[in-house]
Amino acid sequence: MNVRRSAAVLAAVAVIGAATPAAADTTPSPSPSRALPPALYGDGDPQYDGVWRQSLALLALHTVGVEPAKAAVDWLTGQQCADGSFAPYRADTAAACDAKTMVDTNQTAAAVQALAALGGHDDVTRKAVGWLKSAQNEDGGWGYTAGGASDTNSTSVVIGALAAAGEKPAEVKKDGKSPYDALLELALPCEGDGAGAFAFQPDEKGGLVANADATAAGVLGSLGAGLVVEPGKGGEAEGAACEKADTPEQAAANGAAHLTDALAEDGHLTSALAGAEDQPDYGNTADAVVALAAQGAAEQAGKSLAWLEENAADWAAQSGPAAYAQLVFAAHATGADPRDFGGTDLVKRLGETGPAAPERTAGAKSDDQDEKKDESDSGFGVWWFVGVCLVAGIGIGFLISGRTKRQQP
């Protein structure tokens with residue numbers, strides 16, 4: 001997740017060797033001449049996040065006991081390429097994927113997590129996991145695209161996919177290196193700035209710079225966890241001192257301590273946009289809550305969840321299904337009720353961004369749904385998309401709200 005920003009929205013920009021992702025103000029709207037599939041969650045242009053937001057929406061609904069509409073699940077499975085990978089969006093699935101199809105590890109791993117949870121899609125998830133294994137780097141990690149330099153966010157979301165599919169991440173190795181080895185290489189030492197945090201990637205000189213979004217992702221990845229964390233699970237509680245990270249578990253504890261310190265003053269993480277004042281990073285804060293809950297740092301996770309309950313409703317309404325899903329994950333991880341999240345029913349609002357699920361009638365919608373549908377809603381914030389911003393090889397970067405990468409506040 002790390003990749004988080006205050007108003008999670010994707011924008012395509014040409015970048016070569018971007019250093020850290022920044023927040024975007026708008027999401028591309030679909031072309032008037034191109035109708036979006038009715039089974040797709042969200043009204044924003046899905047070119048860069050269609051599979052991602054669909055996967056998060058389906059996973060969030062399943063997590064709270066709602067059976068998603070079959071059409072929505074079928075849309076997701078239909079996006080898979082023959083080799084098992086997923087691209088963000090294939091408007092014409094009758095056309096075979098080729099070298100120009102922009103497949104990536106993040107979309108693929110998110111789809112695996114959603115479909116594995118839903119069950120009944122073993123053929124799809126098996127092929128996807130096979131492709132992910134083929135894209136593993138020699139250091140044991142994954143980049144956003146196959147062959148790209150390993151980063152914390154991509155490696156962590158793939159770990160979650162492997163675990164969801166019944167694999168043992170520690171045993172998925174390339175040249176003797178597992179994904180946990182890759183994460184340990186991206187963890188900062190206990191001395192100096194950013195002690196205990198994770199970097200997204202090494203900088204141009206090989207140095208590690210603390211990144212809050214990558215840290216939330218790194219904590220989950222080091223624990224072998226995915227996007228969904230059950231309440232009460234995790235490792236050591238808050239308060240543990242930073243120690244040399246010789247194990248993934250220690251790296252997770254160090255990262256959680258770093259996040260706790262970053263959240264302590266205001267209860268939220270902050271995103272900095274060049275030329276603008278710092279602003280709350282709702283998506284990254286939600287991801288940090290999940291990470292802290294997974295580690296067992298319940299006190300700070302609860303405080304930051306309370307801040308989200310009070311402040312995140314407008315952000316989610318503007319950002320759409322992935323944002324609602326992130327808040328559902330945060331509520332679930334802390335044992336809170338996503339149907340009464342600061343007075344907002346996150347489950348209902350998420351359902352309204354997609355096709356009717358069995359639990360509700362086809363015509364049911366809230367009074368403000370029509371207004372909300374006019375807004376952009378392909379935002380996320382999950383750390384998982386930091387990788388996009390730094391894919392210089394393909395010349396495309398994604399700017400993501402808080403679930404997509406930025407420098408730690």
Side-chain angles (χ1 to χ4, degrees), residues 1-2 109 132-133 136-143 149-163 167-203 205-226 229 233-264 287-288 290-301 383-384 386-387 405 408:
M1 310 182 186
N2 300 357
L132 288 169
K133 288 182 177 179
Q136 187 175 19
N137 291 327
E138 294 180 356
D139 62 5
W142 283 266
S150 297
D151 66 78
T152 296
N153 297 60
S154 298
T155 300
S156 296
V157 71
V158 173
I159 288 175
L162 293 173
E167 299 277 347
K168 296 181 179 179
E171 297 179 2
V172 178
K173 297 182 178 182
K174 182 71 172 290
D175 289 354
K177 296 291 186 67
S178 79
Y180 296 124
D181 292 316
L183 289 180
L184 287 174
E185 290 296 320
L186 291 165
L188 275 72
C190 292
E191 302 78 25
D193 294 339
F198 284 83
F200 173 63
Q201 284 178 329
D203 60 23
K205 297 182 179 180
L208 299 179
V209 178
N211 182 296
D213 191 48
T215 300
V219 170
L220 286 176
S222 296
L223 293 172
V229 172
K233 306 294 182 181
E236 301 177 9
E238 49 261 86
C242 184
E243 298 180 9
K244 183 178 180 180
D246 292 326
T247 65
E249 293 78 12
Q250 186 60 54
N254 292 347
H258 180 86
L259 288 175
T260 298
D261 289 343
L263 291 163
D287 292 342
V290 176
L292 290 175
Q295 176 59 27
E299 182 177 355
Q300 184 58 60
W383 37 270
W384 317 106
V386 175
K405 312 17 177 186
Q408 171 179 347

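Note that this is a predicted model, so its numbers are computed, not measured. Side-chain atoms are counted along with the backbone in the values below, which use heavy atoms only and exclude waters and symmetry mates.
The side chain to side chain donor-acceptor pair (under 3.5 Å) search around K133 returns E167, not counting sequence neighbours. Scored by the side-chain contact (heavy atoms from CB on, under 4.5 Å) test, A199 finds L188, L208 as partners (sequence neighbours excluded). Qualifying side chain to side chain donor-acceptor pair (under 3.5 Å) partners for E243, counting only residues two or more places apart in sequence or in other chains: none.
Proximity of L263 to L292: side-chain heavy atoms (C-beta onward) are separated by under 4.5 Å at one or more points. Put simply, the side chain of C190 reaches to within 4.5 Å of the side chain of N254, judged on heavy atoms. Taking the side chain as every heavy atom from C-beta outward, S222 and F198 approach each other to under 4.5 Å. Between P202 and L186, some side-chain heavy-atom pair lies under the 4.5 Å cut-off. In this structure the side chain of Y180 reaches within 4.5 angstrom of the side chain of I159, judged on heavy atoms.
Using a distance-only test at 3.5 Å, with no hydrogens or angles considered, no donor-acceptor pair links the side chain of Q295 to the main chain of V219. Between the side chain of N137 and the backbone N or O of G140 there is no donor-acceptor pair closer than 3.5 Å. For the pair T155 (side chain) and W142 (backbone), a donor-acceptor distance under 3.5 Å is present.
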Before you tell me yes or no, could you show the steps for V172 and Q136 under side-chain contact (heavy atoms from CB on, under 4.5 Å), namely the whole-Å CA-CA distance, both residues' side-chain angles and the distance that decides it to 0.1 Å? CA-CA 9 Å; V172 178; Q136 187 175 19; 3.5 Å; yes
Derivation and outcome, side-chain contact (heavy atoms from CB on, under 4.5 Å), residues T152 and L183: CA-CA 6 Å; T152 296; L183 289 180; 4.0 Å; yes
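Around the CG atom of D175, the shell of radius 6.0 Å holds more than 12 heavy atoms that belong to other residues, nucleotides or ligands.
Here the closest heavy-atom approach between residue V229 and residue G226 is recorded as CG2-O, 4.1 Å. Taking every heavy atom of both residues into account, T247 and L184 meet most closely at O-CD2, 3.5 Å. Considering all non-hydrogen atoms of both residues, S150 and G141 come closest at OG-C, 3.2 Å. Taking both residues in full, the closest heavy atoms of L259 and A216 are given as CD1-CA, 3.8 Å, listed atom of the first, atom of the second, then distance. In terms of heavy-atom proximity, S178 sits nearest to P169 at CB-O, 4.2 Å.
We find the NZ-CD distance between K244 and Q250 to be 11.5 Å, quoted to the nearest 0.5 Å. Rounding to the nearest 0.5 angstrom, the gap separating the OG atom in S156 from the CG atom in D287 is 11.0 Å.
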